[in-house]
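Notes follow once the structure below has been shown.
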There are 2 protein chains.
Amino acid sequence: MPHTSRYQSHDKHYVAIDSIIFGFDDDTLKLLLIKRKFEPCKGCWSLMGGFVAANESVDEAADRILEELTGLKDIYLEQIHTYGEVNRELDARVISVAYYALINIKDYDEELGRSHGAEWFSIDEIPPLIFDHGEMVGKAMRRLKRKTIIQPIGFELLPEKFTLSQLQSLYEAIHQQNFDKRNFRKKILSMEVLTQLNEKDKVSSKRGAYLYKFDKDKYDYLIANGSFFVLK
Amino acid sequence: MPHTSRYQSHDKHYVAIDSIIFGFDDDTLKLLLIKRKFEPCKGCWSLMGGFVAANESVDEAADRILEELTGLKDIYLEQIHTYGEVNRELDARVISVAYYALINIKDYDEELGRSHGAEWFSIDEIPPLIFDHGEMVGKAMRRLKRKTIIQPIGFELLPEKFTLSQLQSLYEAIHQQNFDKRNFRKKILSMEVLTQLNEKDKVSSKRGAYLYKFDKDKYDYLIANGSFFVLK
DNA sequence: GTTAATGGGTGTAAATATAACACTAATTAT
DNA sequence: ATAATTAGTGTTATATTTACACCCATTAAC
């Protein structure tokens, strides 16, 4: 008997992706949700999702589905958990792998989003969500908080050039707490992964604030040499 | 058209569990591996695994599979990651959800394990593993290290009653580093989740060392009231 | 052109947490 | 009696974290 037949006695399952898509705008952390256009629960708010196809990896499916909604490629995406309760969806058994994505809200394709019924919600004004999506969002938030303490992934949510005040607002939005300005700047600059530019942003202040960019090469170098990024 | 038909255009997949089973014995952190009894790669070392059935949740499948190998129920099991590369196994496309388990090695059913070709390996003498199982073990180790810093799950690996020296050995094995005895005891006792018993363990010393047990109720109470367990 | 308003930028001291360190105690085996 | 073994205990130095307040540069309004 060919050994492949060993598999045939087992059950197969639909495997889906659900994406928790974070963006940052207006000093607020936001979440992209879609209004379901089909039953069950047509009209409910839901995370963006889709099914894993036979010819793509689970990670690839997550990338593809994110691109379908936002038009964006090469986005920071991280798997958080797989939800496998038998009855977690109503009509069929679907095992869902949840990912969270960090996108720069300015790059997001609003047209495309609208065509999917997508809308941004402030993180503290999330409507009730279908199935176990609320739980997924909670887990993603906790993961994001934890992760931004030990890895500078928060930068993914900002434009390439940003001021220290913007960065602080972002961290405050993620951690839902205020940080002391002097301590924050001291700490973030002491990590030596930001490069100060010879440009100022004058949008939010009259004096103008220096723009910085994240130096990924330097970050990678430091990590490779055993340094460790710890915020807070 | 009934909305259930929406699902029918999607692919279904085999979904498996792979379990990274940690135990602690002889001052060493160990891993339970099985020698494969079937192709592909018969004779290779592998993690314990199995398939998720239609009538059970993914977590239930993980429990069931662990019980099949160890005879143990109600074991600490935590999902770590889902591995979804198309060709990660050789014969068929299998999406695998990895879990790690912490078991008290004394409770483990050796007979049953042997019948599955299972053997314990010291964490620093792990043989090459099949497929992406080595990667899974690495991720589980990192997760265990991190988790034991912020949550007292390490206790799952010890008998109900243990000495502070045993606990320290366990933490040293998990973190692969030595801790200062006085600092370790100070810190662990200051968390106030250990109860000292009126019994001594005389196995490992002539003088005898006080036995302690983990006070889960107190721990839950402290967590519920916002305290936070932080080792190190 | 003076002034008011706005967000930008900076240093120090106190408090807390972490890390380093060495001897005595109790028991058993010889 | 004594040698060997693991248990148990406090203090000081160092590093990290927190708290805290004023001047700066520019623009807009008068």
Return yes if some donor-acceptor pair links the side-chain N/O of [X] with the main-chain N/O of [Y] below 3.5 Å, else return no.
X: A/E172; Y: A/F179; value: yes
X: B/D132; Y: B/E135; value: no
X: A/H133; Y: A/S46; value: no
X: B/S205; Y: B/K202; value: no

Rounded to the nearest angstrom, tell me the gap between atom [atom1] in [X] and atom [atom2] in [N].
X: A/M191; N: D/dT16; atom1: CE; atom2: P; answer: 13 Å
X: B/Y210; N: C/dA26; atom1: OH; atom2: P; answer: 10 Å
X: B/L164; N: D/dT9; atom1: CG; atom2: C1'; answer: 12 Å
X: B/Q168; N: D/dT9; atom1: CD; atom2: C1'; answer: 14 Å
X: B/N178; N: C/dA19; atom1: CG; atom2: P; answer: 14 Å
X: B/I149; N: C/dT18; atom1: CD1; atom2: P; answer: 12 Å
X: B/K187; N: D/dG8; atom1: NZ; atom2: P; answer: 21 Å
X: A/D27; N: C/dG7; atom1: CG; atom2: P; answer: 11 Å

Original post:
Quick one: what's the B/S/- string for nucleotides 20-30 of chain D, heavy-atom cutoff under 4.0 Å, read 5' to 3'?
Top reply: BB--BBBB---

Original post:
How would you label the contact of A/S165 with the nucleic acid (heavy atoms, under 4.0 Å): base, sugar-phosphate, or nothing?
Top reply: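 Result for A/S165 = sugar-phosphate.
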
Subject >> Non-neighbouring partners of B/F214 that pass ring pair (Phe, Tyr, Trp, His ring centres under 6.0 Å), sequence neighbours left out >> reply: B/F155, B/Y219

Original post:
Quick one: do the B/E110 and B/Y108 side chains pair a donor with an acceptor below 3.5 Å?
Top reply: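 Their side chains do not contain a donor-acceptor pair, so the 3.5 Å distance test is not met.
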
Subject >> B/R64 and B/E60 ion-paired at < 4.0 Å >> reply: no

Original post:
Do B/K139 and B/D18 sit within salt-bridge range, that is, some charged N less than 4.0 Å from a carboxylate O?
Top reply: no

Original post:
Want to know the stems of DNA chain C: at least 3 consecutive Watson-Crick or G-U pairs with distances under 3.5 Å, which are they?
Top reply: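 The stems that DNA chain C takes part in, listed by first number, are C:1-30 with D:1-30.
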
Original post:
Side chains of A/D25 and A/K106: closer than 4.5 Å at any heavy-atom pair?
Top reply: yes

